[in-house]
Participant: 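There's a structure below that I have some questions on.
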Amino acid sequence: QDGGSACLITKTDTNPFFVKMREGAAAKAEELGMTLNSYAGKVDGDNESQVAAIETCIANGADGILITASSTSAIVPSVQQARDAGILVIALDTPLDPIDAADMTFATDNFLAGELIGQWAAAKLGDAAADARVAFLDLDVSQPTVGVLRDQGFMQGFGIDLADPNKWGDEDDSRIVGHDVTQGNEEGGRKAMENLLATDPMINVVYTINEPAAAGAYEALKAIGRENDVLIVSVDGGCPGVQNIADGVIGATSQQYPLLMASKGIEAIAAFAKDGSKPEATEGKNFFDTGVKLVTDQPVEGVESISVEEGTNLCWG
Amino acid sequence: MAEADRYEDVVRTRSDEKFAEFEDTGKGLWGRFHELLHTTPAIVPLIVLLAACVVFGLVLGSKFFSPFALTLILQQVQIVGVLAAAQALIILTAGIDLSVGAVAVLCSVIMGQVTFRYGVPAVLAVPIGLAFGTAIGAINGWLVSKVKLPPFIVTLGMWQIVLAVNYLYSANETIRAQDIEAQAPFLQFLGTKFNVGGAVFTLGVVLMLLLVLVLAYVLRSTAWGRHVYAVGDDPEAAQLAGVDRHKTIMSVYMLVGFICGLAGWVMIGRFGSVSPSATTGVIGNIQAITAVVIGGISLFGGRGSILGAFFGALIVGVFELGLRMAGADPQWTYLLIGVLIIAAVTVDQWIRKVTA
Amino acid sequence: MAEADRYEDVVRTRSDEKFAEFEDTGKGLWGRFHELLHTTPAIVPLIVLLAACVVFGLVLGSKFFSPFALTLILQQVQIVGVLAAAQALIILTAGIDLSVGAVAVLCSVIMGQVTFRYGVPAVLAVPIGLAFGTAIGAINGWLVSKVKLPPFIVTLGMWQIVLAVNYLYSANETIRAQDIEAQAPFLQFLGTKFNVGGAVFTLGVVLMLLLVLVLAYVLRSTAWGRHVYAVGDDPEAAQLAGVDRHKTIMSVYMLVGFICGLAGWVMIGRFGSVSPSATTGVIGNIQAITAVVIGGISLFGGRGSILGAFFGALIVGVFELGLRMAGADPQWTYLLIGVLIIAAVTVDQWIRKVTA
Amino acid sequence: MTSPVLEARGLVKRYGKVTALDHCDFDLMPGEILAVIGDNGAGKSTLIKALSGAIQPNAGEIFLEGKPVSFDSPNDARGEGIETVYQTLAMSPALSIADNMFMGRELRMPGFMGQYFRKLDRKRMEEFSRQKLSELGLMTIQNINQPVETLSGGQRQGVAVARAAAFGSRVVILDEPTAALGVKESRRVLDLIQEVRARGIPIILISHNMPHVFEVADRVHIHRLGKRLCVIDPKEHTMSDAVAYMTGAAVPEGVAEPA
Amino acid sequence: MTSPVLEARGLVKRYGKVTALDHCDFDLMPGEILAVIGDNGAGKSTLIKALSGAIQPNAGEIFLEGKPVSFDSPNDARGEGIETVYQTLAMSPALSIADNMFMGRELRMPGFMGQYFRKLDRKRMEEFSRQKLSELGLMTIQNINQPVETLSGGQRQGVAVARAAAFGSRVVILDEPTAALGVKESRRVLDLIQEVRARGIPIILISHNMPHVFEVADRVHIHRLGKRLCVIDPKEHTMSDAVAYMTGAAVPEGVAEPA
Ligand SMILES: Nc1ncnc2c1ncn2[C@@H]1O[C@H](COP(=O)(O)OP(=O)(O)OP(=O)(O)O)[C@@H](O)[C@H]1O
Ligand SMILES: Nc1ncnc2c1ncn2[C@@H]1O[C@H](COP(=O)(O)OP(=O)(O)OP(=O)(O)O)[C@@H](O)[C@H]1O
Ligand SMILES: O[C@@H]1[C@@H](O)[C@H](O)OC[C@H]1O
Ligand SMILES: [Mg+2]
Ligand SMILES: [Mg+2]
């Protein structure tokens with residue numbers, strides 16, 4: 001194939017989000033006649049595997065690299081090495097630190113994603129938000145950046161003082177029942193929810209890192225018959241997640257568009273391979289915003305959202 | 001020197017001998033306790049477990065001793081408990097199985113996909129999943145026993161293979177609890193709840209308890225059980241003494257694969273959904289090994305009891321829930337569990353020492 | 001029967017004896033190869049390694065045999081290589097260390113934080129980090145040797161403790177490569193590159209190679225090395241034979257802690273930055289154990305060579321790079337690596353068998 | 001001349017540089033006690049390991065009652081009624097005396113529990129073990145449920161010998177069965193050997209104890225440097241002769257069967 | 001009467017239900033060969049393990065040249081010049097003969113390499129080992145670098161005995177040193193024992209071989225049911241007496257030192 005070659009490096013490939021991202025990239029590459037090699041970290045936050053992947057792409061003489069960085073600053077020297085070797089590097093989903101370490105960023109704003117669901121939850125509760133009992137189901141004890149951004153974004157939207165915005169767990173708002181980690185799956189979601197319920201059975205708002213964790217939390221609530229009086233919010237907008245909104249498992253979720261990011265990225269590399277042109281940022285931003293939308297079937301005043309039907313049309317899993 | 005002395009003749013006439021009897025010291029309660037310890041080594045982790053419960057009970061008060069909290073522990077350990085039983089069997093043969101968690105997850109995925117992708121009825125899907133688990137166990141066993149590869153390597157490789165197959169086969173797609181409930185409730189059968197005086201049990205918990213008891217019986221009171229111990233203790237000696245090493249190892253690994261399949265079924269009951277990315281696939285092995293070792297089974301094989309492994313799983317479960325209830329944040333909980341694991345085994349060692 | 005026969009007198013007069021000599025079969029090249037295998041067991045993983053290189057070379061062509069790609073392997077395995085050397089020492093004593101990766105990460109964090117938070121010069125920060133590593137090793141060693149806890153449990157607990165401390169202490173903050181380069185370049189010292197005929201080496205790679213060679217010498221040719229093997233082989237017997245078990249175990253664990261500290265320093269050199277969430281903390285232990293076991297060191301202690309562990313690390317490195325370069329998708333890569341791990345050890349077993 | 005029960009021709013076993021068996025022949029006649037003597041390291045244990053399936057020789061053939069056999073494991077040999085006490089005793093250290101005695105041939109409870117739940121009949125196994133050990137005069141064993149690793153060296157050997165004698169049905173092989181035994185216990189083992197022979201079962205006895213060998217053996221196989229040097233009749237040779245042959249101090253002439 | 005080199009009073013050692021030493025006394029006189037005999041399981045090995053620091057008794061005292069001592073490990077006893085061959089031999093199976101011979105007292109290369117690089121002098125260690133083994137008549141060892149686990153039972157024991165005899169400086173303890181040895185090799189060990197005694201070093205010899213005991217021992221300590229029954233002079237008693245006492249067939253009267 002002569003359309004050039006691209007690498008896609010994701011955080012992991014055990015998450016449907018990245019699976020879809022890869023499918024999007026592969027479809028586009030196929031269409032444009034490009035070679036695509038995909039790499040992934042072994043666990044969330046795996047910087048080492050991503051470094052090795054970039055090195056491999058250099059050795060293979062790729063034209064461009066699409067990367068969703070596990071560690072936004074630790075990956076920078078390797079990215080630099082690739083760019084020095086004349087490779088176009090595009091950050092997908094997660095901006096690097098500094099953002100201009102990559103040639104371009106096609107991303108969702110994870111903080112914004114959190115903020116939207118926070119605002120929604122606050123508005124939904126109305127006055128009761130002042131004495132809500134909130135549980136946070138986060139990703140991992142190592143606090144990878146996505147997890148921190150969404151968690152802190154939620155707090156911002158909900159009206160909780162963030163303290164240090166680079167970590168969760170240092171806030172002192174009395175509405176916080178506690179944080180627990182889920183690894184972003186049903187298993188972790190259920191156990192974390194049970195643990196927090198054992199601490200305080202009166203929890204009425206649950207922030208979750210993603211939709212599988214939310215589904216797990218729902219099972220725990222169901223087991224004690226509280227599934228109908230607790231608000232669960234989440235992030236991702238995968239098709240099962242959107243369906244879970246319709247089924248009343250999740251109240252609202254922030255939808256992202258990984259397929260879009262990936263196909264845009266591949267197009268950019270194809271263009272670069274052809275004539276050396278680099279992609280442009282969205283007007284007024286220093287990155288190409290692929291957007292986040294709040295999906296819910298219970299819209300609230302003051303927070304823009306789309307319906308479940310629209311969400312289903314746009315969903316990625 | 002008196003070489004012609006026919007000294008051996010002295011012993012030719014057998015005198016009426018008795019078994020030697022020495023002064024029997026240390027009777028009484030303490031002595032009885034000693035004896036109990038020696039005949040039932042699982043008592044040590046049990047003591048540690050009870051002590052942990054008492055400590056958390058004192059700190060947390062009635063919250064911890066509520067039927068809700070206590071049965072929650074059983075529900076939270078049911079998967080690890082089942083996997084620990086499987087792991088214990090392997091470790092008794094001086095092996096180790098890094099693939100248990102991954103096999104459990106794959107079996108749950110197979111049960112789900114077979115139902116939803118191919119439309120097989122759930123009552124058939126479950127046995128198919130169990131058969132797959134058994135088959136993977138058979139491959140492990142064959143590689144260990146016939147090709148004579150170290151179990152660590154075999155199951156390390158298998159772990160990676162099974163996890164990858166799991167993701168590839170399922171395309172990382174979760175089957176939602178709601179869909180299962182509507183279309184194939186039998187998959188969630190082990191999640192069925194029932195009440196016993198305020199405490200909520202699930203069939204999964206019952207399965208775990210039964211499994212542990214049955215295995216304890218089999219290991220203790222059947223020839224197969226003795227062979228498992230003998231093979232783990234000294235494989236050479238066991239083989240020379242007439243144990244069929246190959247048959248024993250194969251049967252253990254296959255049984256373990258089957259139990260992992262059961263664990264997969266238990267998972268569906270507990271989570272409602274079928275998810276290929278369940279954490280058990282990644283850390284289930286370490287969790288199970290931890291339970292086994294805390295329960296006093298030697299990693300060198302041949303020593304320990306399966307009840308110990310079960311108590312080991314409960315000890316970790318109690319620590320985790322207790323610390324979370326006491327409000328420790330996740331990172332501190334993580335740290336304290338590290339400390340407590342070491343402490344639990346230290347206490348165990350100490351009890352064994354003072355009662356040696 | 002002739003009891004008065006003074007038969008023992010026959011042997012009183014010593015005849016001129018020679019050591020028994022049998023017909024010496026199987027000389028020639030094959031025979032020599034046999035002998036080499038028996039005196040240098042690390043040759044087996046070396047053969048597997050070379051075979052892997054040849055296969056990937058054939059599949060990938062000159063791309064794989066470029067100096068860049070070949071030295072890339074060394075750079076990619078340097079951390080696991082150093083950790084495998086440490087792990088090999090522990091496993092030779094029949095222990096296991098689950099904390100190696102976490103200790104390495106914590107040491108790198110300490111080196112970074114001590115410089116950036118407290119303003120200690122980097123040339124001092126590095127020894128401070130190494131001292132911390134050694135101290136953690138000492139705690140592990142003490143718990144294993146004096147409190148007689150199983151190494152698996154001690155280091156499992158320590159793993160969790162160290163990881164949690166690492167996150168808590170660093171507040172999950174990464175120190176950026178740019179900042180280190182500007183303010184404390186000595187921390188990145190082991191990342192220094194130099195060229196040898198087109199091939200790029202780093203000081204970290206040199207350190208790894210030196211470390212392996214020194215340890216190989218020490219284990220083979222000093223009394224301490226012999227004691228390490230003896231303690232791992234049969235601790236009871238070693239103790240009865242006059243080895244100071246405690247001293248040997250303490251020294252091994254402390255040295256291992258120190259080497260983990262070195263690995264932390266190597267990490268800073270390789271990644272430029274200091275990141276508390278480096279994956280090595282989570283999977284470095286399994287990676288190191290894998291390398292050791294592929295390298296032919298017995299998990300039961302006392303058998304194997306450190307060179308083998310190094311080749312084991314390289315084997316995995318070659319597989320990973322080769323498959324990545326061939327463009328295998330990640331899950332297929334994991335799957336194939338799983339298969340290859342088993343295959344590598346099967347070949348190893350087979351070579352040992354036909355040359356037994 | 002009747003034909004041998006167990007016969008071997010040209011057995012070779014190499015361990016790397018070391019040749020432990022060097023084209024060794026062997027014959028065991030029906031109903032006899034055959035002693036095998038030789039220097040340390042002469043290859044006696046290797047020989048009986050080959051005969052009992054514990055190792056597979058590099059070359060040579062083994063015949064059981066004239067039919068060629070090839071044992072892949074000690075279990076195969078045991079299946080043919082060949083029971084062996086190895087020099088290393090082959091016991092599971094952590095298991096009890098009774099467990100070890102019955103390893104591989106455990107007794108099940110009569111009736112329902114045994115048939116459906118495969119429950120072991122511990123009581124019967126313990127009683128049997130205790131009885132066999134008393135017959136050997138091992139009276140200092142205080143607890144039949146003691147793990148074997150806690151037994152004294154001699155007690156352990158006693159258990160192994162008792163096991164083989166109790167279960168051997170076609171050939172019983174004993175590799176230095178009295179090495180660790182006391183005067184009384186050794187005596188009992190010699191008696192036991194004769195009782196087994198009286199049951200019509202031939203015995204291979206490896207021993208360094210010349211008076212014992214000459215007391216019980218019908219024929220003496222002298223092993224030297226990995227092969228059978230000669231077989232002598234203990235009634236026609238003195239212990240001094242035997243020792244001289246086996247140590248190489250003298251060369252046997254006109255012996256019964258030259259190697 | 002001179003005072004004992006090594007002395008013990010009231011030693012007790014219990015293992016769970018089993019009492020292995022039951023208020024046992026012990027005396028070793030300077031320059032003597034003291035044999036310890038007794039039934040299997042009488043507690044002989046336990047006694048010498050207590051004397052050499054391998055186990056810690058539950059009660060009782062040990063005196064070395066009159067001074068109370070308490071050994072926490074065999075290394076402590078070795079530091080005092082007490083060298084022991086345990087019944088289990090205490091070797092590292094995977095290590096070579098030479099490695100095992102010099103375990104804990106390895107020789108370093110002379111000069112620079114030895115001093116700064118702590119390099120072992122393998123050649124010297126191998127030569128020494130080979131010489132000691134030949135002195136014992138263990139001529140079938142073909143390769144001094146063979147791992148000990150590949151040695152025959154007797155070869156292994158020979159290595160252990162050679163080690164103790166070569167390095168013992170104050171007391172040498174031998175627990176059944178000839179049990180697995182051939183006629184020739186046993187003979188050599190007896191010679192060796194006498195050579196060691198000739199160097200002025202007292203020896204404790206545990207053995208079930210009465211002729212050997214009566215040949216070399218100056219005094220015989222008879223052990224029964226965990227304690228010293230009596231000590232007899234082999235010149236004044238017959239082997240039959242000794243066996244009768246130790247098995248309980250007769251009760252010693254007016255013996256040298258009642259327990
Ligand atoms: N597994 C092995 N590997 C290498 N060499 C071995 C192995 N087993 C035995 N040998 C060697 O084979 C030779 C014969 O050993 P074997 O055990 O048969 O002797 P033996 O006649 O039984 O001696 P003993 O009377 O001391 O028991 C010895 O030189 C021994 O070192
Ligand atoms: N670790 C142990 N645990 C339990 N019992 C033990 C242990 N070691 C020894 N014994 C018991 O102590 C008693 C004395 O054993 P010891 O080894 O001292 O006997 P011995 O006189 O050396 O016998 P032998 O002549 O057979 O070697 C025996 O009954 C034995 O079963
Ligand atoms: O959206 C993704 C989320 O689902 C996962 O848990 O982490 C990475 C993300 O970007
Ligand atoms: Mg032998
Ligand atoms: Mg003894």
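In the text below, chain A, chain B and the rest are named by the order of the sequence lines, each starting its count at 1. What you are looking at is a predicted structure, and each value in this text was computed from that prediction instead of being measured.
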Participant: So which atom in E:S152 and which in D:G41 form the shortest heavy-atom distance, rounded to 0.1 Å?
Facilitator: OG-N, 3.3 Å

Participant: Please evaluate residues D:V183 and E:M246 with respect to the criterion side-chain contact (heavy atoms from CB on, under 4.5 Å), reporting the C-alpha separation (whole Å), side-chain torsions for both, the decisive distance (0.1 Å), and the verdict.
Facilitator: CA-CA 10 Å; D:V183 176; E:M246 106 193 173; 3.7 Å; yes

Participant: Answer yes or no: is there a donor N or O on one side and an acceptor on the other, between the side chain of E:N40 and the main chain of D:A180, under 3.5 Å?
Facilitator: yes

Participant: Measure the CZ-OG1 distance between D:R187 and E:T247 for me, rounded to the nearest 0.5 Å.
Facilitator: 13.5 Å

Participant: Do D:H208 and E:L181 have side chains that approach each other closer than 4.5 Å (heavy atoms only, starting at C-beta)?
Facilitator: no

Participant: Tell me, for E:V243 versus chain D, whether the close heavy atoms (under 4.5 Å) come from the side chain, the backbone, both or neither.
Facilitator: side chain

